[in-house]
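None of the values given here were measured: they were computed from a predicted structure. Per chain, numbering begins at 1; letters A, B, ... match sequence-line order.
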Amino acid sequence: MTKIKSLNDLRAIKASVEAKMNLRERSDAPEKLVQVKVAMATCGIASGAKAIMDFMVNELDKRQIPAVVSQTGCMGYCFAEPTIEVTVPGKEPIVFGYVNEKKADQIIEKYIKNGELVEGIIPVNYESIESK
Amino acid sequence: MATFKMHLLVCGGTGCRASESENLFHNLRTGIIQKGLENDVQVLTTGCFGFCEKGPIVKVLPDNTFYTMVKPEDAGEIIEEHIIKGRKVQRLLYVNPLTSEKVEDSKHMGFYRKQLRIALRNCGFIDPENIDEYIARDGYAALGTCLTEMTPEQVIELMKKSGLRGRGGGGFPTGLKWEITRASKADQKYVVCNADEGDPGAFMDRSILEGDPHSVIEAMAICGYCIEATKGLVYIRAEYPLAIERLKIAIKQAREYGLLGKDILGTGFDFDIELRYGAGAFVCGEETALIHSMEGFRGEPTVKPPFPSVSGYNGKPTNVNNVETFANVPVIINRGAEWFASIGTEKSKGTKVFALAGKINNVGLIEVPMGITLREVIYEIGGGIKEGKKFKAVQTGGPSGGCLTEKHLDTPIDYDNLIAAGSMMGSGGMIVMDEDDCMVSIAKFYLDFTVEESCGKCAPCRIGNKRLNEILEKICKGEGSMEDIALLRNLSNVVKDTSLCGLGQTSPNPVLSTLDNFYDEYLAHVNERKCPSGQCKALLQYWIEPENCVGCTACARNCPVNAIAGERKGVHIIDQATCIKCGACMEKCKFNAVFIK
């Protein structure tokens with residue numbers, strides 16, 4: 001890694017990563033990439049989030065769906081772990097709770113491939129600082 | 001396979017189910033099939049929308065129409081009008097209670113603004129092990145601004161103006177703390193992050209460190225710049241392995257980028273962070289005990305003053321802030337003091353993260369603006385009490401706090417209101433209790449905890465809490481007297497007034513607040529030898545109702561201590577002297593013949 005020597009260096013990194021992040025922030029980006037975020041705090045991991053993350057990475061690859069699977073912190077829905085958030089390009093992110101391998105398989109086959117929702121959706125109930 | 005053009009989401013949470021959402025779901029699905037729309041419109045049930053008060057809820061995608069209080073017989077109208085003709089069913093739309101206007105879609109509903117994520121802004125959004133993602137979300141921009149465009153005095157002034165107060169529980173103004181530490185002159189000063197989260201049921205600091213470790217690192221560097229410290233220390237309990245791992249990765253990445261270390265951003269400012277592990281003692285959340293533990297001594301508090309801001313770690317001026325406090329700092333600098341001060345109440349600004357636990361449907365982590373009411377937190381965000389039971393109390397502030405009851409449900413939550421109500425903010429644990437919880441046992445549970453965690457340095461806390469615990473045990477066993485209740489209150493006040501540190505000064509709070517709010521439960525234990533919620537085993541007796549007993553022998557066969565006698569097809573009897581009150585007979589009886597007296 002190169003060192004960041006000034007505020008301008010920092011801004012350059014921000015700009016370069018922003019494009020990638022924007023994809024996650026605004027799902028109407030042109031790239032046809034599916035974003036999957038797996039909540040991996042202690043609560044998620046204890047309920048099997050690691051296995052679900054592996055499953056998503058392997059299966060999306062196997063089924064040739066271009067996607068980015070990343071880990072993230074606690075989404076706050078500890079009662080419904082493991083939880084994953086799926087953003088299909090052009091659509092609002094959707095959070096699925098109680099995800100096991102069977103549910104993950106359904107999410108890939110039904111939601112990601114066909115836009116058909118599957119049971120276990122958790123309505124998002126908070127506001128982020130961007131909108132404030 | 002078909003691609004659906006529309007989705008109907010029907011809430012399948014407990015509250016909505018109780019109001020017939022299953023029938024509604026069934027009616028919608030059959031209605032769609034009757035109209036031949038099953039390939040265009042998908043109907044499905046979801047988790048709780050958290051809006052149980054107005055259930056059942058139906059949400060229509062993609063237009064985000066939010067229907068409330070929908071009855072099973074409304075299904076036909078929704079299909080006919082909304083789905084086929086494209087006209088929203090006006091009478092089912094949510095009405096804003098303040099303006100009496102109908103709200104067309106959920107994006108404009110005030111309810112979804114009840115949670116606002118500032119400290120948790122990146123939690124559950126970015127990859128905590130990737131510094132680039134943090135930078136992309138304005139990470140380290142606040143540090144950059146401070147180092148290049150602001151003097152330490154200006155930063156401190158901004159923090160003071162924002163009104164941020166310590167999120168560890170005490171609520172001391174953060175800007176003022178920084179100013180005091182800055183004023184202490186020394187060759188070396190320290191920034192300490194208190195990540196020793198000890199309240200039972202609280203896990204917000206852990207979640208921040210696991211989900212967004214860079215926000216804490218950045219804020220510590222900013223604090224270092226303000227107080228002229230070059231060293232930061234994070235005191236974290238060893239029982240948080242994942243938080244430690246993520247924090248280590250984050251520190252390593254920040255060093256590689258030169259955002260920690262020497263000459264940060266070419267400004268000549270040096271700052272680096274090290275970790276110090278605690279063994280998980282509750283008292284080490286107290287700042288003087290924490291500092292002693294970091295120095296390698298026993299985790300015992302000392303008398304203040306001198307405050308750590310004058311003489312702390314290794315005798316040098318030390319600024320101790322909590323994880324959540326730090327996590328707020330970068331946002332305040334990026335967005336300005338006025339923005340932050342516009343959120344919350346007059347004396348408590350911004351938001352607070354709470355860990356919702358206990359008998360509540362949506363156990364989890366929430367962040368709400370200060371001034372929200374307990375009712376909104378429990379019923380709207382938390383989804384209400386489990387299994388539709390009755391709300392009894394909520395414990396805030398952990399073992400140092402007290403319980404809030406039904407009469408406090410509409411009190412706006414902030415530092416000062418909670419103290420006035422006999423509790424405190426604490427670090428943000430919120431344990432919800434329902435009608436089945438015995439308040440005397442709850443007080444004893446917290447006393448068990450403080451007796452265990454007391455460091456033993458001062459007598460009131462070491463001996464006084466032990467005696468309090470013994471009296472509570474006596475009452476729970478049905479051996480208490482009215483004198484015991486009077487003694488309980490007296491001794492509580494003595495422990496409160498004479499203990500050395502915050503642990504002892506607050507440990508009788510659960511006793512005092514249950515005495516104030518649930519005095520009748522204490523009376524029932526003492527006078528009638530009864531536990532109204534049926535929790536205190538010593539006060540229970542299992543009996544068999546002769547009229548209901550058919551003599552199936554199920555209870556006798558399952559009793560682990562052979563306390564039940566009776567012939568086959570004859571009435572059974574429990575021998576009270578042998579019974580250990582395990583409840584197995586009651587569980588096994590299919591005829592409701594076993595009851596508690």
Side-chain angles (χ1 to χ4, degrees), chain A residues 1-7 9-11 13-22 24-25 37 39-43 45 70-80 83 85 91-92 95-98 109-110 113-132, chain B residues 1-4 7 9 42 44-50 59 112-118 120-129 132-133 135-138 140-141 144 148 203 206-208 210-212 240 242 253 256-259 265-266 331 335 339 343 361-367 381:
Chain A
M1 254 187 228
T2 46
K3 293 230 170 193
I4 301 177
K5 299 227 172 57
S6 68
L7 202 51
D9 286 358
L10 185 74
R11 286 187 186 123
I13 290 190
K14 179 174 186 295
S16 72
V17 193
E18 230 173 12
K20 205 171 80 190
M21 296 287 287
N22 266 344
R24 200 178 298 169
E25 286 182 32
K37 282 191 285 177
M40 293 251 267
T42 297
C43 48
I45 293 175
S70 55
Q71 61 168 348
T72 186
C74 180
M75 293 188 194
Y77 310 110
C78 309
F79 60 98
T83 46
E85 186 187 282
K91 286 187 186 165
E92 295 276 326
V95 180
F96 295 94
Y98 307 104
E109 284 303 314
K110 294 190 170 171
K113 281 192 179 171
N114 294 313
E116 179 185 348
L117 293 178
V118 294
E119 304 282 329
I121 293 171
I122 304 181
V124 174
N125 60 353
Y126 63 84
E127 201 181 32
S128 64
I129 48 171
E130 276 75 25
S131 49
K132 194 74 186 178
Chain B
M1 226 180 170
T3 307
F4 293 106
H7 300 283
L9 308 183
Q42 189 187 12
L44 76 168
T45 54
T46 68
C48 180
F49 280 88
K59 188 172 176 184
Y112 286 101
R113 256 171 267 145
K114 288 217 163 119
Q115 277 202 70
L116 171 65
R117 296 191 137 195
I118 296 177
L120 298 176
R121 62 195 176 281
N122 293 325
C123 261
F125 194 89
I126 64 166
D127 179 351
E129 295 178 12
D132 287 347
E133 295 204 354
I135 291 175
R137 301 262 291 174
D138 281 330
Y140 291 103
T148 55
F203 52 92
R206 195 196 74 214
S207 296
I208 291 172
E210 285 175 1
D212 192 17
Y240 280 179
L242 184 64
Q253 289 176 341
E256 279 169 9
Y257 264 168
L259 294 166
L265 295 173
V331 191
R335 297 197 151 233
W339 172 78
I343 303 161
N361 278 316
N362 300 348
V363 167
L365 205 60
I366 61 164
E367 182 169 353
I381 298 169

S.K.: Closer than 3.5 angstrom, by distance alone: can the side chain of A/Glu116 be matched with the main-chain N or O of B/Gln42 as a donor-acceptor pair?
M.R.: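 No, because the side chain of A/Glu116 does not come within donor-acceptor range (under 3.5 Å) of the backbone of B/Gln42.
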S.K.: Looking at B/Leu365 and A/Cys78, what are the two nearest heavy atoms and their distance?
M.R.: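 What the structure gives for the nearest pair is N-SG, 4.2 Å.
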S.K.: Taking all non-hydrogen atoms of both residues, which atom of A/Gly73 and which atom of B/Pro128 are closest, and how far apart?
M.R.: N-CD, 4.2 Å
S.K.: Of all heavy-atom pairs between A/Ile13 and B/Asp132, which one has the smallest distance, and what is that distance?
M.R.: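 Looking at all heavy atoms of both residues, the shortest contact is CG2-OD1, 3.8 Å.
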S.K.: Any donor-acceptor pair under 3.5 Å linking the side chain of A/Ser6 with the backbone of B/Leu265?
M.R.: no
S.K.: Check each atom of B/Ile118 against the heavy atoms of chain A and say whether the ones under 4.5 Å are side chain, backbone, both or neither.
M.R.: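 Both parts, backbone and side chain.
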S.K.: Could you look at B/Asn122 and say if it's the side chain, the backbone, both or neither that has a heavy atom under 4.5 Å from chain A?
M.R.: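 Looking at B/Asn122, just its backbone touches chain A.
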S.K.: Given that the side chain runs from C-beta out, which part of B/Thr148 has a heavy atom under 4.5 Å from chain A: side chain, backbone, both or neither?
M.R.: side chain
S.K.: Atom NZ of B/Lys59 and atom CD1 of A/Ile121: how far apart are they, to the nearest 0.5 Å?
M.R.: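 So the NZ of B/Lys59 and the CD1 of A/Ile121 are separated by 9.5 Å.
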S.K.: What's the spacing between A/Glu119 CD and B/Leu9 CG if we round to 0.5 Å?
M.R.: 10.0 Å
S.K.: If I measure from the heavy atoms of chain A, does B/Leu120 come under 4.5 Å with its side chain, its backbone, both, or neither?
M.R.: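 B/Leu120 has no heavy atom closer than 4.5 Å to chain A.
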S.K.: CZ of B/Phe125 to NZ of A/Lys37: how many Å apart, nearest 0.5 Å?
M.R.: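 That separation rounds to 4.5 Å.
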S.K.: Considering only heavy atoms and a distance below 4.5 Å, find which of B/Glu367, B/Glu210, B/Arg117, B/Arg206 pairs most often with chain A.
M.R.: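 Ranked by contacts with chain A, first place is B/Arg117.
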S.K.: With only heavy atoms counted, which part of A/Val118 is less than 4.5 Å from chain B, the side chain, the backbone, both or neither?
M.R.: backbone
S.K.: Considering all heavy atoms of both residues, which atom of B/Cys123 and which atom of A/Thr72 are nearest to each other, and what is their separation?
M.R.: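 Heavy atoms of B/Cys123 and A/Thr72 come nearest at C-OG1, 4.4 Å.
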S.K.: Below 4.5 Å from any heavy atom of chain A, which atoms of B/Leu242 appear? Answer side chain, backbone, both or neither.
M.R.: side chain
S.K.: Within this structure, what is the CD-CG distance for the pair A/Gln71 and B/Asp127, rounded to the nearest 0.5 Å?
M.R.: 4.5 Å
S.K.: At a heavy-atom separation under 4.5 Å, does A/Ala39 approach chain B through its side chain, its backbone, both, or neither?
M.R.: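 Neither part.
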S.K.: Can you confirm whether B/Phe203 sits close enough to A/Cys43 that some side-chain heavy atom of one is under 4.5 Å from a side-chain heavy atom of the other?
M.R.: no
S.K.: Looking at chain B, which one of A/Val95, A/Thr42, A/Ile122 has the largest number of heavy-atom pairs inside 4.5 Å, strictly under?
M.R.: A/Thr42
